[in-house]
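So that we are looking at the same thing, I have put the structure below in structure tokens.
Predicted, not measured: the structure shown is a model, and the values here were computed from it. Chain identifiers are assigned alphabetically (A, B, ...) following the order of the sequence lines, protein sequences preceding nucleic acid strands; residue numbering begins at 1 within each chain.
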Protein chains: 2
Amino acid sequence: MAVTIKDVAKKAGVNASTVSRVIKDSSEISDKTKVKVRKAMHELGYRRNAAAQILASGKTNTIGVVFPPVADKASQPFFMKILTSINETARDYDVSIAIATGHSAKELKKQIELQYSEKRVDGFIVLYAGKNDEVRDYLLENKVPFVLVGTPAEGKNEITHVDNDNMLLGREAVRHLAQLKHQNISFVTDTKETEVFEERYQGFKDESEKLGLNHDLLFMDANFSLRNETALVVMDDVLSLKVVERLRSQGLNVPEDVSLITYNNSIFGAMIHPYLTTFDIHIEQLGASAIKKILDLRDKKENLPEKSIIPFELIIRESTKARI
Amino acid sequence: MAVTIKDVAKKAGVNASTVSRVIKDSSEISDKTKVKVRKAMHELGYRRNAAAQILASGKTNTIGVVFPPVADKASQPFFMKILTSINETARDYDVSIAIATGHSAKELKKQIELQYSEKRVDGFIVLYAGKNDEVRDYLLENKVPFVLVGTPAEGKNEITHVDNDNMLLGREAVRHLAQLKHQNISFVTDTKETEVFEERYQGFKDESEKLGLNHDLLFMDANFSLRNETALVVMDDVLSLKVVERLRSQGLNVPEDVSLITYNNSIFGAMIHPYLTTFDIHIEQLGASAIKKILDLRDKKENLPEKSIIPFELIIRESTKARI
DNA sequence: CTGAAAGCGCTTACAG
DNA sequence: CTGAAAGCGCTTACAG
């Protein structure tokens with residue numbers, strides 16, 4: 001039915017193995033033959049059969065992307081954005097993307113175990129870095145190639161991961177606020193479970209102390225309220241929307257009464273006023289770097305785990321303002 | 001290396017073809033043999049090789065999901081949510097998901113053309129329904145099985161699609177507002193290009209006229225402002241965030257001065273006050289239904305295109321209020 | 001530089 | 001109900 005390598009071979013007057021070599025642009029084949037074969041491929045509209053190639057070569061050329069086992073992936077633009085970037089970079093390397101989603105780590109583990117054992121994927125990109133994660137344990141134990149986007153709580157040294165410099169991100173936020181003359185600042189989070197939080201908060205603390213600022217940690221829940229802060233560093237811009245609204249309900253306006261700086265530069269930071277001062281963490285680059293890393297790992301170009309640090313960028317908008 | 005069908009066959013004392021039949025639970029095989037073979041599979045930890053199965057059977061058992069060619073997929077929780085639901089339903093049918101993303105229809109088309117011609121997917125679920133879409137033209141012309149989530153502007157009769165009843169959604173919004181005694185209402189949108197808009201707006205108009213209400217259409221741009229409206233119907237809850245904020249900047253509060261009802265019931269409708277009165281469009285069901293349809297199409301269980309209508313549900317929260 | 005052959009791990013008519 | 005054989009469309013040592 002479909003045009004195969006054999007049809008091309010016959011038309012070009014060569015052996016099928018030669019066609020195969022031309023497809024992968026083998027340096028063994030003469031240019032003359034290549035031209036001839038390519039012409040035949042083109043005329044016949046040849047397309048390789050992915051399954052046949054995978055079966056014969058043992059390489060799937062597809063990478064699994066693992067989403068976190070939580071219900072609200074949809075509320076964080078991060079995930080859709082990095083998926084897009086991963087998919088688009090993958091295409092440049094001629095690899096496909098499979099996805100794994102689930103409501104629990106157990107479900108996820110089952111899914112990736114299946115994908116890997118049925119030889120559907122060569123490895124994984126894991127989009128979250130929780131503690132004691134069943135998925136990561138499985139991958140590690142079975143020596144499945146994977147890279148983490150984020151920073152693992154344990155095993156930093158055994159796991160290839162790509163992330164921003166979260167400590168520095170914490171420090172830079174403080175520095176921006178200090179430049180604006182703020183002296184009483186707090187860090188606001190809605191989770192203390194993640195490594196991202198810990199690192200950013202650590203950076204926040206270190207720099208605050210270095211600069212001699214009063215600082216504190218605030219948890220965003222029903223009891224959220226300020227003491228004497230004039231500025232806040234908030235974990236992400238979706239959370240910031242809530243914080244801004246809560247402050248307003250307490251009679252405090254951003255940035256007139258309190259400045260706010262946050263992270264991620266998602267669309268939600270520039271949707272309603274005050275537009276948020278935020279750090280762009282370069283999600284496209286995180287995704288692109290992750291796919292490159294996993295391919296290197298698979299091809300054993302890199303054997304040692306390493307951390308890739310993606311630069312960030314401060315976007316100054318309306319939510320931060322000099323204290324007068 | 002890995003355990004194959006042959007290993008299982010040898011261990012169970014049967015022929016490889018018998019093992020293959022047991023795997024697909026063929027009714028031809030005796031229960032006795034099935035038990036015996038399954039025991040062997042289990043003891044050896046057998047896993048099928050996906051590529052081999054695809055090559056031999058000609059069925060890929062994977063479906064491509066096509067995202068819209070726009071930059072801001074990430075701002076609409078819809079996409080991540082339906083992707084999750086599609087993936088999870090797909091798993092129940094033992095099918096995998098591939099994705100296609102791109103910045104233009106041309107890019108997308110190239111991608112799906114590749115996926116289909118390399119026999120990586122059996123068909124597609126298309127997540128958008130713009131007019132004059134290159135992707136859809138390609139699918140139609142080449143008789144590639146696909147289902148649309150949404151309603152196509154043209155070819156409603158030739159394309160299997162799943163959607164809510166958008167006309168009814170428009171009418172019901174008006175009805176809710178009418179019950180609350182509002183008489184001057186407007187429909188707010190930021191796009192007039194989509195079929196969803198047209199249908200919801202049509203329903204809005206029809207019902208308004210039927211009930212004798214004053215109605216109008218407002219475009220959300222820099223000039224956005226109300227006339228004498230006391231209530232609005234807004235295209236989605238992310239847009240509603242902007243509308244609420246814009247009104248506030250004009251001295252109008254929701255719901256005290258103007259009521260607002262919207263669609264989608266995303267997380268953003270219940271994140272900051274006023275929590276939005278909204279229609280839940282049952283995205284999980286849209287996704288689940290889409291995957292079932294495409295599999296039926298592939299297996300020719302359904303030959304005729306059909307529209308599946310997914311029910312919706314009104315969630316009353318803070319943004320609508322009786323006029324006094 | 002190229003060909004002939006074996007093999008990847010399944011499925012599926014065909015035969016009995 | 002089960003087996004033997006051919007075949008799906010590639011890749012890759014091996015040989016020359």
Side-chain angles (χ1 to χ4, degrees), chain A residues 1-38 40-41 44-62 94 96 114-120 122 299, chain B residues 1-38 40-41 44-62 94 96 114-120 122 299:
Chain A
M1 214 38 209
V3 179
T4 74
I5 218 179
K6 277 190 187 173
D7 302 321
V8 176
K10 194 190 289 178
K11 174 138 194 159
V14 298
N15 188 277
S17 54
T18 301
V19 177
S20 174
R21 290 184 185 108
V22 172
I23 288 170
K24 52 193 251 199
D25 201 13
S26 161
S27 60
E28 288 179 312
I29 302 290
S30 72
D31 286 349
K32 206 172 120 197
T33 306
K34 282 186 183 172
V35 169
K36 190 171 58 177
V37 170
R38 285 193 183 122
M41 292 200 298
L44 294 173
Y46 170 78
R47 294 297 197 168
R48 68 176 170 192
N49 179 303
Q53 185 174 243
I54 292 169
L55 180 58
S57 73
K59 262 194 194 178
T60 70
N61 271 317
T62 113
D94 201 23
S96 300
L114 203 67
Q115 291 182 348
Y116 194 69
S117 64
E118 292 189 344
K119 304 234 170 19
R120 288 180 183 280
D122 293 330
D299 301 337
Chain B
M1 213 35 208
V3 180
T4 73
I5 220 179
K6 277 191 188 172
D7 303 319
V8 176
K10 194 190 288 175
K11 175 138 194 160
V14 298
N15 187 277
S17 55
T18 301
V19 176
S20 174
R21 290 183 185 110
V22 172
I23 289 170
K24 53 192 250 200
D25 201 15
S26 160
S27 60
E28 290 177 312
I29 302 288
S30 72
D31 287 349
K32 208 171 116 194
T33 305
K34 281 186 183 172
V35 170
K36 192 170 61 180
V37 171
R38 286 194 182 121
M41 291 199 299
L44 295 173
Y46 170 77
R47 295 297 197 168
R48 70 176 169 191
N49 179 302
Q53 185 175 244
I54 292 169
L55 180 58
S57 73
K59 262 194 194 178
T60 69
N61 272 318
T62 112
D94 202 22
S96 299
L114 203 66
Q115 292 183 347
Y116 194 69
S117 65
E118 291 188 345
K119 304 237 171 12
R120 290 181 182 277
D122 293 330
D299 301 336

Between C1' on dG9(D) and OH on Tyr46(A), what's the gap in Å once rounded to a whole number?
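That distance rounds to 7 Å.
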
Quick one: which of dC10(D), dG9(C), dG3(D) gets closest to the side chain of Thr4(B)?
dG9(C)

Let me know, please, whether Gly13(B) or Ala52(B) comes out on the 5' side of the other along DNA chain D by nearest nucleotide.
Gly13(B)

Just the rounded figure in Å: distance from P of dC8(D) to CZ of Arg48(B).
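Atom-to-atom, Arg48(B) to dC8(D), this comes out as 22 Å.
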
May I have the distance from Asn61(B) (atom CG) to dC8(D) (atom P), rounded to whole angstrom?
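It is 20 Å, rounded to the nearest whole Å.
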
Pair listing, salt bridge (charged side-chain N to carboxylate O under 4.0 Å, His left out) test, anchored in residues 47-58 of chain A, at least two apart:
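For residues 47-58 of chain A: Arg47(A)-Glu113(B), Arg48(A)-Asp94(A), Arg48(A)-Glu118(B).
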
Length of the line joining Asn49(B):CG and dG7(C):P, which is rounded to integer Å:
17 Å

Which helical stems does DNA chain D take part in, if a stem means at least 3 consecutive Watson-Crick or G-U pairs with both distances below 3.5 Å?
C:1-3 with D:14-16, C:5-12 with D:5-12, C:14-16 with D:1-3

For residues 18-29 of chain A, dump all side-chain donor-acceptor pairs below 3.5 Å to protein atoms at least two apart in sequence or in another chain.
| residue | atom | partner | partner atom | Å |
| --- | --- | --- | --- | --- |
| Asp25(A) | OD1 | Lys34(A) | NZ | 2.8 |
| Asp25(A) | OD1 | Arg38(A) | NH2 | 3.0 |
| Ser26(A) | OG | Glu28(A) | N | 3.1 |

Enclosure of Lys10(B) NZ (heavy-atom neighbours >12, cutoff 6.0 Å):
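Not more than 12 within 6.0 Å, no.
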
Nearest whole Å is fine: how far is dG9(C) C1' from Lys59(A) NZ?
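Interatomic distance, NZ of Lys59(A) to C1' of dG9(C): 20 Å.
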
Using a cut-off of under 3.5 Å, enumerate the N/O to N/O pairs linking the protein to nucleotides 12-16 of chain D.
| residue | atom | partner | partner atom | Å |
| --- | --- | --- | --- | --- |
| dT12(D) | OP2 | Lys24(A) | NZ | 2.7 |
| dA13(D) | N6 | Arg21(A) | NH2 | 2.5 |

Kindly compute the distance separating NZ (Lys59(A)) from CG (Asp299(A)), expressed to the nearest 0.5 Å.
4.5 Å

When you measure from the side-chain N and O atoms of Gln53(B) to the phosphate of dG9(C), is any distance below 4.0 Å, counting only OP1 and OP2?
no

To the nearest 0.5 Å, what is the distance between CD1 on Ile5(B) and CE on Met41(B)?
9.5 Å

Within the structure provided, determine whether Val8(A) and Val3(A) are in side-chain contact (heavy-atom separation under 4.5 Å).
yes

Side chains of Leu55(B) and Asn49(A) in contact at under 4.5 Å (non-hydrogen atoms):
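Counting from C-beta outward, Leu55(B) and Asn49(A) do come under 4.5 Å.
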
Given atom NZ of Lys6(B) and atom C1' of dA4(D), what is their separation to the nearest angstrom?
12 Å

Quick one: Ile5(A) CD1 to dC8(C) P, roughly how many Å, whole number?
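In whole Å, dC8(C) P and Ile5(A) CD1 are 18 Å from each other.
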
Using the test side chain to side chain donor-acceptor pair (under 3.5 Å), find all partners of Ser30(B) that sit at least two apart in sequence or belong to another chain.
Thr33(B)

Please identify each residue that fulfils side chain to side chain donor-acceptor pair (under 3.5 Å) with Asp122(B), with sequence neighbours left out.
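Applying side chain to side chain donor-acceptor pair (under 3.5 Å) to Asp122(B) gives Thr60(B), Arg298(B).
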
Take the protein atom CG of Leu55(B) and the nucleotide atom C1' of dG9(C), then report the distance between them rounded to whole Å.
9 Å

